[in-house]
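Shown next, in structure tokens, is the structure this report addresses.
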There are 2 protein chains.
Amino acid sequence: MEPTTQLFKALSEPVRLRIIAMLLDGERCVCELMAGLDMPQSTVSRHLAYLKNSGWVTGERRGVWSYYRLREPTTDLHRGLLELLAAHLPRDPAAAGLDVAAMTAAGKANRC
Amino acid sequence: MEPTTQLFKALSEPVRLRIIAMLLDGERCVCELMAGLDMPQSTVSRHLAYLKNSGWVTGERRGVWSYYRLREPTTDLHRGLLELLAAHLPRDPAAAGLDVAAMTAAGKANRC
DNA sequence: TCTGTGTATCCGGATAGGCGGATATTGTCA
DNA sequence: TGACAATATCCGCCTATCCGGATACACAGA
């Protein structure tokens, strides 16, 4: 697994770019990512695993909830890519900023 | 075809990264790229087509010879990626700079 | 017009990877 | 201990894409 191309491969799907965009502001739990992406749980989980395997994110479980954050870059290219994404990825308010009140109103009581 | 992810997809293969690295110094003809990459002609051609379709390079034919160069970036992300690659892609002397004399000695008379 | 050269494209085979639903696993609480 | 919730992983299906050899196409020169 060529590390350089793996970094780029991970960015070759719109879903993963959105996940990274959401994590640019800091750590998030899986339910926030799921809500923001509006996709099946298995789809989100699989992309998170892919990002983890390719070195883009790191995750940890606290109790039942899982939290993900961007991983500290290990190479200059990685760092440069991250800065580039931070400067150019659209910050999707609907995805990046969750309206907790609205979610609660929608009947989703369980949140991390 | 999402333009952003297409840019990243194109960088997901080592061969294409090497092609871009070779083109960072300017236009090259296909035979130079073939010699530098040391791969079958069809393989090189296919990757060049891929890079062309994804917006990374542009090519033109002059007589029998075909020449390729990096395309002028059309977005800020594209421009940033290109600068990043220019700063970090290894410049492979064996690939980037062809020894014409050695090639001629090797019996390869035909060159663009 | 024909031949040779350079290059684009196609082909069959193989691998990578995306999808949503189903299932397995882990943690928590009663 | 069992039920429930969160999440990781698997499954079958499907698309994308890689490979080198073969073939098709374009150009130039005799």
Side-chain angles (χ1 to χ4, degrees), chain A residues 1-19 27-54 56-69 98 103-104 107-112, chain B residues 1-19 27-54 56-69 98 103-104 107-112:
Chain A
M1 182 185 280
E2 173 92 12
T4 299
T5 52
Q6 198 53 38
L7 284 180
F8 288 118
K9 274 189 189 210
L11 305 179
S12 301
E13 282 295 318
V15 182
R16 292 199 287 273
L17 282 180
R18 288 179 65 193
I19 290 176
E27 181 179 81
R28 289 187 177 283
C29 67
V30 171
C31 67
E32 289 180 298
L33 295 170
M34 275 176 60
L37 296 165
D38 194 28
M39 305 187 91
Q41 177 269 324
S42 58
T43 302
V44 178
S45 233
R46 196 177 54 254
H47 283 297
L48 284 170
Y50 194 104
L51 285 171
K52 191 173 178 180
N53 288 336
S54 51
W56 274 105
V57 307
T58 183
E60 73 182 64
R61 193 167 193 146
R62 297 173 203 145
V64 265
W65 306 106
S66 283
Y67 296 82
Y68 285 83
R69 78 168 74 87
L98 270 300
M103 285 180 67
T104 305
K108 293 181 166 62
N110 290 359
R111 280 189 42 77
C112 53
Chain B
M1 184 185 278
E2 174 93 11
T4 299
T5 53
Q6 199 52 37
L7 283 180
F8 288 118
K9 273 189 192 220
L11 306 178
S12 300
E13 283 296 316
V15 182
R16 294 198 286 271
L17 283 181
R18 287 179 67 193
I19 290 176
E27 180 181 82
R28 289 186 178 283
C29 68
V30 171
C31 68
E32 289 181 299
L33 296 171
M34 275 176 60
L37 296 165
D38 194 28
M39 307 187 90
Q41 177 267 323
S42 58
T43 302
V44 178
S45 232
R46 194 177 57 255
H47 284 296
L48 283 170
Y50 195 105
L51 286 171
K52 192 174 179 180
N53 289 338
S54 53
W56 274 103
V57 308
T58 184
E60 75 181 62
R61 193 170 197 141
R62 297 175 202 144
V64 266
W65 306 106
S66 283
Y67 296 82
Y68 285 83
R69 77 169 74 87
L98 270 300
M103 285 179 67
T104 305
K108 294 183 167 59
N110 292 359
R111 279 188 48 77
C112 50

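To find a chain, count down the sequence lines: A is the first, B the second, and so on, and within it residues start at 1.
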How long is the line joining CZ of Phe8(A) and P of dG17(C), in whole Å? 16 Å

Taking Ser12(B) for the side chain and Lys9(B) for the main chain, is one N or O donor matched with an acceptor at less than 3.5 Å? yes

May I have the distance from Leu51(B) (atom CG) to dT7(C) (atom P), rounded to whole angstrom? 16 Å

Any side-chain N or O of Tyr67(B) under 4.0 Å from OP1/OP2 of dG6(C)? no

Encode nucleotides 20-26 of chain C as B, S and - characters from 5' to 3', where the letter depends on protein heavy atoms closer than 4.0 Å: B to the base, S only to sugar-phosphate, - to neither. BBB---B

Between P on dA6(D) and CE on Met34(A), what's the gap in Å once rounded to a whole number? 9 Å

Is the backbone of Leu33(A) close enough, under 3.5 Å, to the side chain of Arg28(A) for a donor and an acceptor to pair up by distance? no

With a 4.0 Å cutoff (strictly under), does any side-chain N or O of Tyr68(B) reach OP1 or OP2 of dA8(C)? yes

Rounded off to whole Å, could you give me the CG-to-C1' distance for the Leu11(B) and dC18(D) pair? 16 Å

Nearest-Å distance, CG (Leu48(B)) to C1' (dG6(C))? 13 Å

Considering every strand and a 4.0 Å limit on heavy-atom distances, what is the contact class for Ser66(B): base, sugar-phosphate, or nothing? sugar-phosphate

At their closest point, which heavy atom of Trp56(B) faces which heavy atom of Ala10(B), and how far apart are they? CD1-CB, 3.4 Å

Atom-pair distance (CH2 on Trp65(A); C1' on dA8(D)), nearest Å: 15 Å

Rounded to whole Å, how long is the line connecting atom CG of Leu33(B) with atom C1' of dG6(C)? 14 Å

Interatomic distance where CZ belongs to Arg62(A) and P belongs to dA8(D) [whole Å]: 13 Å

Side-chain heavy-atom pair Val15(A), Arg18(A) within 4.5 angstrom cut-off: no

So does Lys9(B) get a side-chain nitrogen or oxygen closer than 4.0 Å to the phosphate oxygens (OP1/OP2) of dT17(D)? yes

Smallest heavy-atom separation, Gln6(B) atom then Ser54(B) atom, equals CG-CB, 3.6 Å

pair Leu17(A)-Phe8(B): side-chain heavy atoms closer than 4.5 Å: yes

Hey, is the main chain of Val64(B) close enough, under 3.5 Å, to the side chain of Arg62(B) for a donor-acceptor pair? no

Using a cut-off of less than 4.0 Å, is there contact between a side-chain N or O of His47(A) and OP1 or OP2 of dC19(C)? yes

